[in-house]
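Since the structure comes first, as structure tokens, the remarks are kept for the end.
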Amino acid sequence: EDKVVQSPLSLVVHEGDTVTLNCSYEVTNFRSLLWYKQEKKAPTFLFMLTSSGIEKKSGRLSSILDKKELFSILNITATQTGDSAIYLCAGRGDNAGNMLTFGGGTRLMVKP
Amino acid sequence: DGGITQSPKYLFRKEGQNVTLSCEQNLNHDAMYWYRQDPGQGLRLIYYSQIVNDFQKGDIAEGYSVSREKKESFPLTVTSAQKNPTAFYLCASCPTALPTEAFFGQGTRLTVV
């Protein structure tokens, strides 16, 4: 059974801090790892990682995958209150349904 | 605009009643999924469908049923057999030929009263 574990469960920081969110996975015939941000309702897509060691970057957010260690991190620099959300990590294997297995999420709160 | 539409946004159910949550997409995606999210937790897969008239159980299918009569539509019925249905339900879709990110609807919050 595929499994994705995120840590920490929750995190409280102050504006301007840098945070690192962790995601470890055990996914059969691994294909890709995805990061989502969920503020209130629908998760919004951040990154999809398929290759080890290649950083994906979007503004203050960046993510990298380590396929050897079965691990990914999401970095947020110079955090803002608008970064407060649940961050979800999901793994996709080479399965018939292209299903995503989600981790439990990390709840980030950024205080002014 | 292309996207996924879930309705209703909020739904209240009395114990013993079946309710159906709607999910419609105009993205021409073959695959559709239903997830359940409990407070402070991640998403758990209920059912998924890769093609019209075919669907498969996910990790927590008990007490739920689905249909896929049209490519665009994948309704979820929460039956009275689901003992703890109060949750946030998310529908998603994804192309199957070149899987990319899953696109999500805005969700339905179901509360048993």
Side-chain angles (χ1 to χ4, degrees), chain A residues 1-12 21-25 27-50 56 58 63 84-109, chain B residues 3-10 21 23 25 27 29-51 54-61 66 68 74 87-110:
Chain A
E1 184 179 324
D2 294 346
K3 186 177 176 183
V4 176
V5 178
Q6 293 185 245
S7 63
L9 289 178
S10 64
L11 195 53
V12 180
L21 309 183
N22 306 305
C23 176
S24 64
Y25 64 89
V27 174
T28 304
N29 297 325
F30 174 81
R31 287 293 189 180
S32 56
L33 187 127
L34 290 81
W35 284 96
Y36 285 85
K37 177 183 181 182
Q38 185 180 26
E39 292 181 83
K40 288 183 179 178
K41 293 183 178 178
T44 54
F45 173 72
L46 295 175
F47 299 110
M48 185 168 78
L49 303 153
T50 56
K56 291 222 173 175
S58 176
S63 184
S84 297
I86 297 173
Y87 290 84
L88 297 165
C89 169
R92 175 187 280 135
D94 188 14
N95 57 72
N98 295 308
M99 295 171 293
L100 294 172
T101 298
F102 281 86
T106 293
R107 183 179 293 272
L108 174 66
M109 180 181 292
Chain B
I4 301 181
T5 302
Q6 288 186 242
S7 62
K9 289 184 181 179
Y10 300 95
L21 283 58
C23 178
Q25 55 100 358
L27 299 166
H29 287 167
D30 289 308
M32 296 186 74
Y33 311 87
W34 274 105
Y35 289 93
R36 169 180 171 142
Q37 187 176 33
D38 291 287
Q41 298 192 23
L43 280 59
R44 292 184 290 167
L45 183 66
I46 305 173
Y47 267 98
Y48 68 97
S49 169
Q50 286 182 269
I51 197 168
D54 186 55
F55 47 83
Q56 306 296 328
K57 292 182 179 180
D59 299 320
I60 55 166
V66 293
R68 187 87 185 275
F74 191 40
F88 187 55
Y89 291 87
L90 283 161
C91 178
S93 72
C94 178
T96 51
L98 285 174
T100 59
E101 70 269 28
F103 295 79
F104 284 88
Q106 290 298 304
T108 294
R109 188 167 299 281
L110 173 63

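Below, chains carry the letters A, B, ... as their sequence lines are ordered, and counting in each starts from 1.
In this structure, A/Tyr36 and B/Glu101 have side chains that are in contact, with non-hydrogen atoms separated by less than 4.5 Å. By the 4.5 Å heavy-atom criterion applied to side chains, B/Arg44 and A/Phe102 are not counted as neighbours. Looking at heavy atoms from C-beta onward, A/Lys41 lies out of side-chain contact with B/Arg109 at the 4.5 angstrom threshold.
Chosen from A/Leu34, A/Leu9, A/Val4, A/Thr50, the residue pairing most often with chain B at heavy-atom distances under 4.5 Å is A/Leu34. Of the listed residues (A/Pro43, A/Ser10, A/Gly105), the one with the most heavy-atom contacts under 4.5 Å to chain B is A/Pro43.
In this structure, chain B has no heavy atom under 4.5 Å from any part of A/Gln6. Neither the backbone nor the side chain of B/Gln6 comes within less than 4.5 Å of any heavy atom in chain A. Looking at A/Leu88, only its side chain comes within 4.5 Å of chain B, counting heavy atoms on both sides.
Residues meeting the ring-ring contact (aromatic ring centres under 6.0 Å, His included) test with B/Phe103, sequence neighbours left out: B/His29. Remark: B/Gln50 engages no residue in a side chain to side chain donor-acceptor pair (under 3.5 Å) (not counting sequence neighbours).
Taking CG from A/Leu100 and OH from B/Tyr35, the interatomic distance works out to 4.5 Å, rounded to the nearest 0.5 Å. Note that CG of A/Asp2 and CG of B/Asp59 are 9.0 Å apart. Values are rounded to the nearest 0.5 Å. Rounding to the nearest 0.5 angstrom, the gap separating the CG atom in B/Leu43 from the CD1 atom in A/Ile86 is 9.5 Å.
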Q: For the pair A/Gln38 and B/Gln37, evaluate side chain to side chain contact (heavy atoms under 4.5 Å, CB included) and give the outcome as yes or no after the intermediate values.
A: CA-CA 12 Å; A/Gln38 185 180 26; B/Gln37 187 176 33; 2.8 Å; yes
